[in-house]
> 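So that we are looking at the same thing, I have put the structure below in structure tokens.
The model shown is predicted, which means the values in this text are computed figures rather than measured ones.
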Amino acid sequence: TFVCYSPDGSTIASACRDGTVRLLDAKTMEEKGMLGGHSEHNPECTCNFHAGGDAYEDEANPECPVKGHSGQVVFVAFSPDGSQLASSGGWGDNSVRLWDPKTMEHKG
């Protein structure tokens with residue numbers, strides 16, 4: 001797990017092995033939100049999974065509304081002004097995603 005603070009110090013972003021990025025209040029450690037990935041544990045994900053819980057590439061649903069990672073998230077970083085959060089997948093995902101940390105929307 002990799003973590004970083006937002007530039008104003010109010011939020012902690014955590015890169016998680018389960019394919020999610022979690023945002024926590026830095027003072028209370030309460031979860032402020034979660035950016036879900038492709039996983040059988042994410043009810044929004046409509047992909048097909050095998051017994052191991054990872055999405056097969058040939059079984060990924062192109063209509064799936066989930067824009068998150070399909071494997072572990074290994075790195076997160078806020079932009080200098082805190083308006084964007086970058087997350088990097090690894091070990092089968094190998095992608096970088098951009099998020100709006102206030103709205104939890106995928107930006108690219």
> Can you see which heavy atom on Thr28 is nearest to which on Asp25, and at what distance?
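Shortest heavy-atom separation between Thr28 and Asp25 comes out as N-OD1, 2.9 Å.
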> Can you give me the closest heavy-atom contact between Pro101 and Ser83, atom names plus distance?
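The answer is CD-O, 3.3 Å.
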> Sequence neighbours left out, what passes side chain to side chain contact (heavy atoms under 4.5 Å, CB included) with Lys102? Give chain and number order.
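For Lys102 the side chain to side chain contact (heavy atoms under 4.5 Å, CB included) partners, ignoring immediate neighbours, are Asp100.
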> In terms of hydrophobic clustering (I, L, V, M, F, W, Y; side-chain heavy atoms under 4.5 Å; direct or indirect links), are Met104 and Val73 co-clustered?
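Yes: a chain of side-chain contacts under 4.5 Å links Met104 to Val73.
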> Could I get the full list of side chain to side chain donor-acceptor pair (under 3.5 Å) partners for Ser14, not counting sequence neighbours?
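Side chain to side chain donor-acceptor pair (under 3.5 Å) check on Ser14 returns nothing, list empty.
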> Search all heavy atoms of Ser79 against all heavy atoms of Pro7 and return the closest pair with its distance.
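Heavy atoms only, the tightest pair is O-CG, 3.3 Å.
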> Hey, what do you get for CG (Leu98) to OG (Ser87), rounding to the nearest 0.5 Å?
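Taking CG in Leu98 and OG in Ser87, the distance rounds to 7.5 Å.
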> Using the rule that Ile, Leu, Val, Met, Phe, Trp and Tyr join whenever any side-chain heavy atoms are under 4.5 Å apart, tell me whether Trp99 and Phe75 fall into a single cluster.
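Cluster IDs for Trp99 and Phe75 match.
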> Any carboxylate oxygen within less than 4.0 angstrom of a Lys/Arg side-chain nitrogen, looking at Glu105 and Lys107?
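Salt bridge flag = yes for Lys107 with Glu105.
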> Enumerate the residue pairs fulfilling ring pair (Phe, Tyr, Trp, His ring centres under 6.0 Å) with a member in residues 10-37, sequence neighbours excluded, ordered by first and then second residue.
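Of all non-adjacent pairs touching residues 10-37, none passes ring pair (Phe, Tyr, Trp, His ring centres under 6.0 Å).
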> By ring-ring contact (aromatic ring centres under 6.0 Å, His included), which residues pair with Tyr5, not counting sequence neighbours?
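Listed in chain order: nothing, the list is empty.
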> Tell me, with the steps shown, if Thr11 and Lys32 meet side-chain contact (heavy atoms from CB on, under 4.5 Å).
CA-CA 8 Å; Thr11 303; Lys32 295 170 76 172; 2.7 Å; yes
> Not counting sequence neighbours, which residues clear side chain to side chain contact (heavy atoms under 4.5 Å, CB included) with Ala13? List them please.
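Checked Ala13 against side chain to side chain contact (heavy atoms under 4.5 Å, CB included); matches are Cys4, Leu23, Val76, Phe78, Leu85.
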> Run the side chain to side chain donor-acceptor pair (under 3.5 Å) test against Glu31 and tell me which residues pass, sequence neighbours left out.
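Result, side chain to side chain donor-acceptor pair (under 3.5 Å) vs Glu31: Arg22.
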> Measuring from atom CE of Met29 to atom CG of Leu24, what distance do you get when rounded to the nearest 0.5 angstrom?
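Rounded to the nearest 0.5 Å, the CE-CG separation comes out at 5.0 Å.
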